[in-house]
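Report on the structure given below.
Every number for a ligand or one of its atoms is a count from 1 in the order of the listing. Sequence positions, counted from 1, serve as the residue numbers for this chain.
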Amino acid sequence: MTIIIISRDKDLKPWVVALKEADSSLDVQVWPHEKQKADIKFALCWKHPEGVLQDYPNLQCVSSMGAGVDHLFNDAFLPKHLPVVRIVDPLLAQYMFEYICTAVMYYFREFDVYQTQQAQSQWYQHSPKSMSQTTIGIMGLGKLGGYSAEKLSKMGFNVIGWSRSQKSIANVKAYVGDTQLGQFLAHTNILICLLPLTDRTSGILNLQLFNQLPQGAYLVNVARGEHLVEEDLITALNQGQLRGACLDVFQQEPLPIDHPFWMHKQIIVTPHCSSITDPRSVAPQIVQNYRRMQRGEPLLNQVSVLQGY
Ligand code: GLV
């Protein structure tokens with residue numbers, strides 16, 4: 001019985017070490033150097049080459065190396081019968097909160113405005129706004145969104161959330177489904193996207209949505225680049241509908257060298273670093289799922305193939 005790790009863009013050495021540390025009896029191999037394809041029962045993947053999982057006739061489970069699973073469902077040849085699991089990790093949630101908090105405070109304390117002033121050697125003070133009168137709207141109240149919502153609310157912000165199904169988080173007003181999206185947006189000063197990427201959410205961050213926010217709102221996208229219609233963001237910024245955006249994810253990653261986002265003064269670009277899975281922190285849950293698979297027990301953090309998250 002073997003676990004295979006498949007990724008073209010991650011350094012896989014720390015993953016092998018962490019898995020062996022979690023269980024020294026594991027046979028861990030790295031694609032494309034596996035010895036016997038028939039021995040592979042469990043695949044740990046991040047953006048694997050499409051179709052490659054069909055090469056393993058005895059595969060019983062596929063795990064994402066991160067929180068998102070869209071990269072797995074993007075594979076048209078993903079064997080339909082396979083259970084798919086993802087990572088749920090407190091450290092991942094904490095890293096995400098820290099990133100979001102940084103972006104929120106940058107906008108809230110108007111560092112963007114002061115940067116513009118600095119470029120022109122201008123000395124103007126702006127009175128700070130109140131946290132309780134600033135509304136942070138989080139799209140997606142799953143493990144990551146829910147955690148950040150709770151923490152930002154405890155900091156003193158007014159936090160609201162929007163999701164497909166009803167969620168209940170203390171002090172966070174929850175809006176549900178398409179019918180309540182407009183109300184949610186109308187109240188949101190800082191919009192955080194933490195939605196899973198599915199056919200229904202692809203392109204959801206578009207001009208029509210931005211126009212429903214109060215003028216001068218701020219966008220933080222830490223979900224997937226495909227959520228955002230990139231040219232609509234430029235339009236919303238140029239029209240003054242949005243004051244700025246902090247983007248960690250892009251339709252094409254790495255962001256192409258000639259992409260207009262790099263030079264746009266109202267956009268902060270970071271290289272998909274908001275929350276990076278720490279192999280040491282998540283190896284125990286991967287090993288647990290491997291053992292559960294062997295024993296035929298229910299898996300941890302299994303996602304719905306139908307819903308795509
Ligand atoms: C990162 O993007 C993840 O899905 O964990």
query: What is the closest protein heavy atom to atom 5 (O) of ligand 1, and at what distance does it sit?
result: A67 N, 2.7 Å
message: Would you say Q252 and H259 are linked by a side-chain donor-acceptor pair, where the criterion is simply a distance under 3.5 Å?
response: no
task: Output yes when the distance from some N or O of ligand 1 to some N or O of T277 is under 3.5 Å, and no in every other case.
output: no
- prompt: Looking at the rings of H71 and W46, which for Trp means the six-membered one, are their centres under 6.0 Å apart?
  reply: yes
- prompt: Heavy-atom contacts under 4.0 Å between W46 and ligand 1: side chain, backbone, both, or neither?
  reply: side chain
- prompt: Which of the atoms of ligand 1 are close to H272, meaning less than 4.0 Å from one of its heavy atoms?
  reply: 1 (C), 2 (O)
message: Could you check whether T135 and N158, counting side-chain N and O atoms only, form a donor-acceptor pair closer than 3.5 Å?
response: yes
Contact partition for M65 relative to ligand 1, non-hydrogen atoms under 4.0 Å: neither
task: Using a strict 4.0 Å cut-off to heavy atoms of G66, name the atoms of ligand 1 that fall inside it.
output: 5 (O)
message: Under a 4.0 angstrom heavy-atom cut-off, which atoms of ligand 1 come close to G68?
response: 3 (C), 4 (O), 5 (O)
query: Is ligand 1 less than 4.0 angstrom away from at least one heavy atom of R86?
result: no
- prompt: Any side-chain donor paired with an acceptor under 3.5 Å for D112 and Q266?
  reply: no
query: For residues Q239 and Q241, is any side-chain donor paired with an opposing acceptor at under 3.5 Å?
result: no
- request: Work out whether the distance between some heavy atom of R224 and some atom of ligand 1 is less than 4.0 Å.
  value: yes
- prompt: Less than 4.0 Å between a side-chain N and a carboxylate O, is that true for E297 and R295?
  reply: yes
- request: Please determine, by modelled atom types, if Y56 and Q36 share a side-chain donor-acceptor pair under 3.5 angstrom.
  value: no
